[in-house]
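Notes for the one structure printed next.
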Amino acid sequence: MKIWVDADACPVVVKEILYRAADRTGVQLTLVANQALSTPSSPNINSVQVPKGFDVADDEIVKRVGAGDIVITSDIPLAAEVIEKGGHVLSPRGEMHTKENIGARLNMRDFLDTMRSSGVEMSGGPAAFSQRDKQTFANNLDRFLTKYADSR
């Protein structure tokens, strides 16, 4: 099992939790981004820089992810592709995307895209990343690693 991170939009605090988890568990952590990343010096942590472009980092993650790996992303289409390949997905806010819920998430995303493109003004966006989000992410990551990393 490996941990893959869609790192361009991943909050720094989430990356820091992931660095500690990789070192604690020995699970390989790879951050994928279209810019150079500074990561801690660790045999368990590395990064891959991809060219700039729409979905280039997502495509690289899909190409490399294996069944049983976990991907950290808030990108719903990427999550759906990872799940289709037998991977697991955890959002930076701590929500597990699964075969059971990803279809509804994709439908909602597509519906909102359609509304925006038809000229409907949509105000707001996601709430600011909170301490509760950080805790939820850390707890769910720990649960996942406890369940799956021990079986490798």
Side-chain angles (χ1 to χ4, degrees), residues 1-106 108-109 112-113 122 124-152:
M1 182 191 66
K2 296 179 180 176
I3 303 170
W4 299 92
V5 182
D6 183 5
D8 286 319
C10 186
V12 171
V13 67
V14 169
K15 291 177 192 170
E16 291 168 353
I17 292 167
L18 289 164
Y19 298 150
R20 289 191 297 274
D23 280 337
R24 184 181 76 247
T25 63
V27 174
Q28 186 65 44
L29 170 66
T30 303
L31 293 92
V32 181
N34 61 22
Q35 58 190 329
L37 296 173
S38 175
T39 59
S41 178
S42 168
N44 302 319
I45 302 169
N46 64 65
S47 64
V48 174
Q49 184 176 354
V50 297
K52 292 190 184 309
F54 186 71
D55 285 345
V56 175
D58 297 358
D59 294 343
E60 187 68 22
I61 291 169
V62 169
K63 183 172 89 176
R64 293 179 179 223
V65 72
D69 290 355
I70 185 168
V71 175
I72 311 304
T73 186
S74 55
D75 185 299
I76 300 300
L78 171 58
E81 288 187 80
V82 168
I83 291 167
E84 190 174 299
K85 286 189 73 175
H88 305 275
V89 180
L90 180 64
S91 81
R93 293 181 186 265
E95 179 182 19
M96 288 297 298
H97 296 297
T98 65
K99 287 179 186 175
E100 293 74 31
N101 68 23
I102 197 63
R105 302 278 184 326
L106 272 170
M108 180 56 76
R109 178 195 174 276
L112 293 173
D113 277 353
M122 315 259 325
F129 193 80
S130 69
Q131 183 65 31
R132 182 176 185 175
D133 294 328
K134 174 185 170 182
Q135 193 62 52
T136 301
F137 176 81
N139 290 342
N140 287 339
L141 177 67
D142 190 55
R143 266 189 223 101
F144 179 86
L145 292 175
T146 299
K147 182 174 181 180
Y148 292 98
D150 293 340
S151 63
R152 7 178 222 142

Go through the structure and list residues passing side chain to side chain contact (heavy atoms under 4.5 Å, CB included) with [X], not counting sequence neighbours.
| X | value |
| --- | --- |
| Lys2 | Trp4, Gln28, Asp69 |
| Ala80 | Ile102, Leu106 |
| Pro11 | Val13, Val14, Pro92, Phe129 |

When you compare the side chain of Val82 with that of His97, does any pair of heavy atoms fall below 4.5 Å?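 His97 vs Val82: side chains apart.
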Output every pair passing side-chain hydrogen bond (donor to acceptor under 3.5 Å, both in side chains) with a member in residues 134-143, not counting sequence neighbours, ordered by first then second residue.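 Checked against side-chain hydrogen bond (donor to acceptor under 3.5 Å, both in side chains) - neighbours excluded - the pairs reaching residues 134-143 are Arg24-Asp142, Gln135-Asn139, Asn140-Arg143.
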Keeping to residues at least two apart or across chains, list the side-chain hydrogen bond (donor to acceptor under 3.5 Å, both in side chains) pairs with something in residues 39-52. Asp23-Ser42, Thr30-Asn46
Atom pair [atom1] ([X]) and [atom2] ([Y]), whose distance is rounded to the nearest 0.5 Å:
| X | Y | atom1 | atom2 | value |
| --- | --- | --- | --- | --- |
| Asp8 | Gln35 | CG | CD | 5.5 Å |
| Leu78 | Asp59 | CG | CG | 9.0 Å |
| Ser38 | Leu31 | OG | CG | 10.5 Å |
| Leu145 | Ile70 | CG | CD1 | 6.5 Å |
| Asp75 | Cys10 | CG | SG | 12.5 Å |
| Ile17 | Leu141 | CD1 | CG | 8.0 Å |

According to side chain to side chain donor-acceptor pair (under 3.5 Å), who are the partners of Glu100, at least two apart in sequence or on a separate chain?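 Only Thr98 meet the side chain to side chain donor-acceptor pair (under 3.5 Å) criterion with Glu100.
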So, using side chain to side chain donor-acceptor pair (under 3.5 Å) as the criterion, who are the partners of Glu81 when residues are at least two apart? none
Give the intermediate values and the outcome of side chain to side chain contact (heavy atoms under 4.5 Å, CB included) for residues Arg64 and Val48. CA-CA 11 Å; Arg64 293 179 179 223; Val48 174; 3.6 Å; yes
Residue pairs, two or more places apart or on separate chains, that pass salt bridge (Lys or Arg N to Asp or Glu O under 4.0 Å) and touch residues 82-92: none
Who pairs with Lys63 by salt bridge (charged side-chain N to carboxylate O under 4.0 Å, His left out), at least two apart in sequence or on another chain? Glu60
Listed partners of Asp133 passing salt bridge (charged side-chain N to carboxylate O under 4.0 Å, His left out), at least two apart: Arg93
Run through Asp6, Ile72, Thr73 and flag the one making a side chain to side chain contact (heavy atoms under 4.5 Å, CB included) with Ile61.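 Going through Asp6, Ile72, Thr73 one by one, the side chain to side chain contact (heavy atoms under 4.5 Å, CB included) with Ile61 is satisfied by Asp6 alone.
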Nearest heavy atoms of Pro51 and Val56, plus distance in Å: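 Nearest pair, atom of Pro51 first, then Val56: O-CG1, 3.3 Å.
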Mind jotting down which residue pairs meet the ring-ring contact (aromatic ring centres under 6.0 Å, His included) criterion with at least one end in residues 47-89? Sequence neighbours excluded, please.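 Output for this query lists His88-Phe144, His88-Tyr148.
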Show me the pairs that pass ring-ring contact (aromatic ring centres under 6.0 Å, His included) and involve residues 11-40, at least two apart or across chains. none
